[in-house]
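Both counts, for ligands and for their atoms, begin at 1 and track the order of listing.
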Amino acid sequence: MWTTKNMPDLSGKIAVVTGANTGIGFETAKALYEAGATVTIAARDERKIKEAIERIKTAGKGRGSLEVGILNLASLTSVKHFANRFISQHKSLDLLINNAGVMIPPASKTEDGFELQFGVNFLGHFALTGLFFTLLKRADHARVVTLSSGAATLAEGIDFENLRLEKPYDEWREYAVSKLADILFTKEFDRRLQANGSNILSVAAHPGVTRTDLQRHIPADDLDVQFARFDTVMDPWQGALPSLFAATDASVKGSDFYGPDGENEYAGYPALSKHSTGYMHDKVLATNLWEYAEKETGVHYFQ
Ligand SMILES: NC(=O)c1ccc[n+]([C@@H]2O[C@H](COP(=O)([O-])OP(=O)(O)OC[C@H]3O[C@@H](n4cnc5c(N)ncnc54)[C@H](OP(=O)(O)O)[C@@H]3O)[C@@H](O)[C@H]2O)c1
């Protein structure tokens, strides 16, 4: 079984992990730091970032370094400010982990008017990755890991007429759509990278079922009932392993999707995911989503 003990030395590598103040992102950032990387804890609350850095340092096994990055993915202005600041301080970027996420919040919109889950889980990360593209190209074999979910299999396409919450809100449907968008983005980015002869890898990961703050919008009693359906609910260190495998293992190829290897991919150790639907492989849908995201964010990768 693959664990963080299998990770290569990451000394000299520069990494950004979004949503790294807690949960899977926190454990991902901690493991990258312990392997020697310089890791930016990119999150929206400076106090939470500094507390996370303290907790990582207190664990005392670090060989890398940790930096603060203020990033609110629900604001394209914030995404641009964060990217510009990072670009002014770094020449290249080896690892971008598009991890931050929100699940079934009350109906709400981003600063730019997009349904919150679509805006944070996908569109903000689309803009961020594009803004970092020059830095990623300057690195030696950079990787972009985007967090999806088993919930992506529940999405029945993408309704482009409902990405600004035009229709009655279905919180689980919009979560599934955002996570399908993450898969479509991963694959479309990989196709475009390959067509341009790039050695950057675009890959996806999902953490099975992991107890984190992601479930904050589910009432505690309901959550206990839901978790009771699973033999194992993983802790964040284990839920982070598919992301870490995707970010560092030598066997990884562009467009790969990793998750836990247990039954239904609820728990276990990293393996290629078997989650697959027609929508996840729909190249026309992926192209439409890419063009929509470019138009709405104003971020163009390949010019
Ligand atoms: N846990 C699971 O079982 C599970 C299953 C499938 C997929 N996933 C995916 O795994 C990823 C990590 O989730 P998690 O379980 O670790 O959840 P989590 O503990 O709630 O962490 C989510 C992170 O995203 C951040 N975030 C939320 N909205 C943001 C915004 N507008 N701007 C910047 N950061 C924002 C949160 O910051 P705050 O602390 O400030 O809110 C937090 O740092 C997500 O993409 C999620 O969809 C998780």
Side-chain angles (χ1 to χ4, degrees), residues 16-30 40-52 55 69-79 81-82 97-105 108-112 114-125 127-128 145-155 171-172 174-183 185-186 204-218 223 226-227 229-230 232-244 246 257-260 264-268 273 275:
V16 170
V17 183
T18 68
N21 60 284
T22 189
I24 290 153
F26 174 84
E27 293 294 339
T28 303
K30 180 167 175 279
T40 292
I41 307 290
R44 55 188 166 168
D45 183 327
E46 188 168 7
R47 180 186 56 80
K48 288 188 193 173
I49 296 171
K50 288 185 172 162
E51 283 173 7
R55 277 191 287 141
I70 313 289
L71 167 68
N72 179 6
L73 286 154
S75 158
L76 291 172
T77 303
S78 170
V79 172
H81 281 155
F82 167 70
I97 317 292
N98 289 327
N99 165 86
V102 58
M103 185 176 78
I104 63 162
S108 42
K109 292 185 181 181
T110 66
E111 195 179 281
D112 309 283
F114 298 96
E115 188 279 320
L116 190 70
Q117 298 176 92
F118 180 79
V120 170
N121 300 356
F122 164 66
L123 202 61
H125 283 125
L128 182 64
V145 179
T146 301
L147 272 279
S148 182
S149 166
T153 61
L154 304 175
E171 66 269 36
W172 282 110
E174 304 336 334
Y175 181 66
V177 165
S178 74
K179 290 293 155 183
L180 170 63
D182 286 329
I183 290 287
F185 163 68
T186 299
H206 80 88
V209 182
T210 302
R211 188 183 288 273
T212 65
D213 292 345
L214 192 71
Q215 296 94 23
R216 69 187 82 176
H217 296 295
I218 302 175
L223 189 58
Q226 290 195 23
F227 276 164
R229 291 169 36 226
F230 304 104
T232 309
V233 175
M234 292 190 292
D235 288 328
W237 71 265
Q238 194 173 1
L241 293 178
S243 302
L244 290 164
F257 181 29
Y258 293 93
N264 295 322
E265 304 185 22
Y266 293 146
S273 173
H275 287 326

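Within the 4.0 Å heavy-atom shell around ligand 1 one finds Lys179. Under a 4.0 Å heavy-atom criterion, His206 is not in contact with ligand 1. Distances from ligand 1 to the non-hydrogen atoms of Met103 include no value under 4.0 Å. Not close to ligand 1: Arg211, with no non-hydrogen atom less than 4.0 angstrom away. For Ala42, the heavy-atom gap to ligand 1 stays at 4.0 angstrom or more. Taking 4.0 Å as the cut-off, Gly150 does not count as a neighbour of ligand 1 on heavy-atom distance.
Between His275 and Phe257, the ring planes lie tilted relative to each other; the angle falls in the 30° to 60° range. The aromatic rings of Phe118 and Phe114 are tilted relative to each other, their planes meeting at an angle between 30° and 60°.
Side chains of Ser178 and Gln117: a donor-acceptor N/O pair is absent below 3.5 angstrom, by distance only. With hydrogens and angles left out, the side-chain atoms of Asn72 and Ser78 include no donor and acceptor closer than 3.5 Å. With hydrogens and angles left out, the side-chain atoms of Thr210 and Gln238 include no donor and acceptor closer than 3.5 Å.
The distance from ligand 1 to the heavy atoms of Leu71 drops below 4.0 Å at these ligand atoms: 32 (N), 33 (C). Below 4.0 Å from some heavy atom of Ala74 lie the following atoms of ligand 1, by number and element: 31 (N). Listed by number with element, the atoms of ligand 1 under 4.0 Å from a non-hydrogen atom of Val209 are 3 (O). Per-residue contacts place Gly23 under 4.0 angstrom from the following atoms of ligand 1 (heavy atoms of the residue considered): 16 (O), 19 (O). Near Leu147, with a cut-off below 4.0 Å to any heavy atom, the atoms of ligand 1 are 10 (O), 45 (O). For ligand 1 and Gln215, the ligand atoms under 4.0 Å from any heavy atom of the residue are 1 (N), 2 (C), 3 (O).
Among protein heavy atoms, the minimum distance from atom 31 (N) of ligand 1 is reached at Asn72 OD1, 2.9 Å. Scanning the protein for heavy atoms near atom 27 (C) of ligand 1, the closest one is Gly101 O, 3.5 Å. At the top of the distance list for atom 5 (C) of ligand 1, counting protein heavy atoms only, stands Gly208 O, 3.2 Å. Closest to atom 34 (N) of ligand 1 among all protein heavy atoms lies Ala100 CB, 3.7 Å. Given atom 44 (C) of ligand 1, the protein heavy atom at minimum distance is Asn99 O, 3.1 Å. When only non-hydrogen protein atoms are considered, atom 21 (O) of ligand 1 lies nearest to Thr22 CG2, 3.6 Å. Residue, atom and distance of the protein heavy atom nearest to atom 47 (O) of ligand 1 are Tyr175 OH, 2.8 Å. For atom 2 (C) of ligand 1, the closest non-hydrogen atom on the protein side is Thr210 O, 3.5 Å.
What you find for Pro207 and Ser148 is that their closest heavy atoms are CD-O, 4.0 Å. Closest of all the heavy-atom pairs between Ala20 and Ala52 is O-CB, 4.3 Å. Heavy atoms only, all atoms of each residue included: Pro236 and Thr212 are closest at CG-CG2, 4.0 Å. Listed here is the closest heavy atom pair of Ala74 and Val120: CB-CG2, 3.8 Å. Of all heavy-atom pairs spanning Pro105 and Leu116, the tightest one is CG-CD2, 3.9 Å.
For ligand 1, one of its N or O atoms has an N or O atom of Leu214 under 3.5 Å away. Backbone and side-chain nitrogen or oxygen atoms of Leu73 are examined, and one is located within less than 3.5 angstrom of a nitrogen or oxygen of ligand 1. Note: an N/O pair closer than 3.5 Å links Asn21 and ligand 1 by distance alone. Ligand 1 has no N or O atom lying under 3.5 Å from any N or O atom of Gly25, backbone or side chain. In terms of N/O distances under 3.5 Å, ligand 1 is not approached by Asp45. The distance criterion of under 3.5 Å between nitrogen or oxygen atoms is met by Gly19 with respect to ligand 1. Taking only nitrogen or oxygen atoms, main chain and side chain alike, Ile24 reaches within less than 3.5 Å of ligand 1.
With atom 8 (N) of ligand 1 as the reference point, the heavy atom nearest to it among Pro105, Ser149, Pro207 is part of Pro207. When the heavy-atom distances from atom 14 (P) of ligand 1 to Thr146, Thr212, Asn121 are ranked, the shortest goes to Thr212. Nearest-residue assignment for atom 36 (C) of ligand 1 (options Met234, Lys48, Glu27, Arg216; heavy-atom criterion): Arg216.
Within the 4.5 Å cutoff, no side-chain heavy atoms of His81 are placed close to those of Ser75. Within the 4.5 Å cutoff, no side-chain heavy atoms of Asp182 are placed close to those of Asn98.
Other residues, nucleotides and ligands place more than 12 heavy atoms under 6.0 Å from the CD atom of Gln226.
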Subject >> Verdict with supporting geometry, Leu180 and Phe185, side chain to side chain contact (heavy atoms under 4.5 Å, CB included) >> reply: CA-CA 9 Å; Leu180 170 63; Phe185 163 68; over 6 Å; no
Original post:
Stepwise, does the side chain to side chain contact (heavy atoms under 4.5 Å, CB included) test hold for Val16 with Phe82?
Top reply: CA-CA 11 Å; Val16 170; Phe82 167 70; 4.0 Å; yes
**OP:** Output, in order, the C-alpha distance, side-chain angles, deciding distance and verdict of side chain to side chain contact (heavy atoms under 4.5 Å, CB included) for Ile104 and Trp172.
**Re:** CA-CA 6 Å; Ile104 63 162; Trp172 282 110; 3.5 Å; yes
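Remark: the backbone N or O of Thr18 is paired with a side-chain donor or acceptor of Asn99 at under 3.5 angstrom.
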